[in-house]
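Hydrogens, waters and symmetry mates play no part in the numbers below; they use all other heavy atoms, side chains included.
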Amino acid sequence: MSFWIHAYCIDSVASVTPQDLSAGIAERLKSLTYLFCPEKEEDPGEVLARLKIEDKSSDGTFQVFLIHYRADSPLFIRMERITDAEGQMAEVREALSAQSGPGIAKVNDLLSKTQECVSFCLKADDVNSMGFPLTIAAAAYLVKKAGGIILSGNYSWMVPSGKEVDILAEFMR
């Protein structure tokens, strides 16, 4: 079973490199590990020391990166930039139309400006380990760079705030 995290970006992130992303993750991982306290928590410095981001893009711009963060494991988190996300956006807008409460107006405003979406595919073990704060750090870097909003799973909307994130709205679909 997969767990998805999405970075809905206002401006393009096509120029992002694996080195840029690594630096953005490094800037935030310690704070986000503390904030989310994963069940299988590790020292963020050790995770960063073995972090490798593999570029699988084919045209010189960011399309697909594979994030390797585990010790002695071929498993990775796949992240893919989607430039035509209208189908995905329609589904998200439909789910939001039934919601109300604090933060929903801001979520809708940021989504209305979205140009690209970067989707991260995590497995259950990633969610319970350092894969979760690492992916939120990557998504926060992208959204900080390009503007936008992060969706974690189907229910938690957040924006970067310094080295952490602020949750704007949460609901169950």
Side-chain angles (χ1 to χ4, degrees), residues 1-9 13-57 61-82 85 88 92 103 107 110 116-173:
M1 180 172 210
S2 297
F3 181 89
W4 293 90
I5 294 175
H6 305 280
Y8 293 102
C9 299
V13 291
S15 64
V16 169
T17 66
Q19 296 78 16
D20 296 335
L21 190 63
S22 290
I25 291 168
E27 187 177 317
R28 296 165 175 80
L29 187 59
K30 184 176 181 179
S31 295
L32 291 172
T33 300
Y34 180 76
L35 182 65
F36 291 112
C37 301
E39 184 179 313
K40 298 177 184 174
E41 185 174 328
E42 297 178 65
D43 179 277
E46 292 177 16
V47 175
L48 291 170
R50 63 179 183 258
L51 178 64
K52 178 183 170 211
I53 301 176
E54 187 178 357
D55 188 349
K56 291 294 190 177
S57 307
T61 63
F62 160 45
Q63 293 175 341
V64 176
F65 291 168
L66 306 181
I67 303 174
H68 300 268
Y69 71 95
R70 298 171 182 266
D72 303 319
S73 174
L75 300 177
F76 54 83
I77 295 170
R78 179 185 172 92
M79 60 182 288
E80 182 172 358
R81 182 174 65 96
I82 302 162
Q88 183 179 16
V92 169
V107 170
L110 291 168
E116 295 181 345
C117 174
V118 177
S119 294
F120 300 80
C121 182
L122 289 76
K123 300 301 179 201
D125 195 53
D126 295 318
V127 175
N128 296 323
S129 68
M130 293 301 286
F132 187 78
L134 187 140
T135 301
I136 296 295
Y141 165 75
L142 295 172
V143 169
K144 180 75 173 174
K145 177 180 178 59
I149 192 165
I150 301 162
L151 173 60
S152 173
N154 289 324
Y155 53 89
S156 187
W157 294 93
M158 53 188 89
V159 292
S161 177
K163 294 181 181 182
E164 296 182 358
V165 291
D166 286 338
I167 296 175
L168 295 180
E170 290 188 310
F171 59 86
M172 296 301 286
R173 290 203 314 193

### Minimum-distance pair of heavy atoms, taken over all atoms of P44 and T33
CG-OG1, 3.9 Å
#### Entry: For E80 against F62, the heavy-atom pair lying closest together
C-CZ, 4.5 Å
### Query
Okay, side chain of R50, backbone of Y69: is any donor-acceptor separation there less than 3.5 Å?
yes
### Query
Do V165 and F36 come close enough that some side-chain heavy atom pair is under 4.5 Å?
yes
### Task
Identify the two heavy atoms, one from M79 and one from V118, that lie closest to each other, and give their separation to 0.1 Å.
CE-CG1, 3.8 Å
### Query
Roughly how far, to the nearest 0.5 Å, is the CG atom of L29 from the CG atom of L48?
5.0 Å
### Query
Does the side chain of D55 come within less than 4.5 Å of F65's, by heavy atoms?
yes
### Query
How far does CG of L66 sit from NZ of K52, to the nearest 0.5 angstrom?
9.0 Å
### Query
Do the side chains of W157 and L110 get nearer than 4.5 Å, heavy atoms only?
no
### Task
Compare all side-chain heavy atoms of I167 with those of S156 and state whether any distance is below 4.5 angstrom.
yes
### pair L151-W4: side-chain heavy atoms closer than 4.5 Å
no
### Query
With no hydrogens and no angle check, is any side-chain donor or acceptor of S161 less than 3.5 Å from a backbone partner on E164?
no
### Query
Atom CD1 in I77, atom OG in S2: separation rounded to 0.5 Å?
11.0 Å
### Query
Considering only heavy atoms from C-beta outward, does the side chain of Y34 approach that of P133 to under 4.5 Å?
no
### Message
Tell me whether E27 is salt-bridged to K144, with the criterion being a basic N under 4.0 Å from an acidic carboxylate O.
### Response
no
### Query
Just wondering, do M130 and E41 contact through their side chains at under 4.5 Å, heavy atoms?
yes
### Task
Please test L32 against F132 for side chain to side chain contact (heavy atoms under 4.5 Å, CB included), starting from the C-alpha separation and ending with a verdict.
CA-CA 9 Å; L32 291 172; F132 187 78; over 6 Å; no
### Message
As a test of understanding, state which of L142, T61, L21 forms a side-chain contact (heavy atoms from CB on, under 4.5 Å) with V13.
### Response
L142
### Task
Considering non-hydrogen atoms only, spot the tightest contact between C117 and S119 and give its length.
SG-OG, 3.6 Å
### Task
Can you tell me which residue pairs pass the salt bridge (Lys or Arg N to Asp or Glu O under 4.0 Å) test with a partner in residues 119-143, sequence neighbours excluded?
K40-D125, R70-D125, R70-D126
## Note on the structure
To the nearest 0.5 Å, atom CD1 of I25 lies from atom CD1 of I136 at 11.5 Å
### Message
If you compare all heavy atoms of I53 against all heavy atoms of P18, which two are closest, and at what distance to 0.1 Å?
### Response
O-CB, 3.6 Å
#### Entry: Contact summary for G103 and A169, nearest pair of heavy atoms
C-CB, 4.3 Å
### I149 CD1 to Y8 OH distance, which is reported to the nearest 0.5 Å
9.5 Å
### Query
With a 4.5 Å heavy-atom cut-off, do Y141 and P160 have their side chains touching?
no
### Query
Roughly how far, to the nearest 0.5 Å, is the NZ atom of K163 from the CZ atom of R28?
9.0 Å
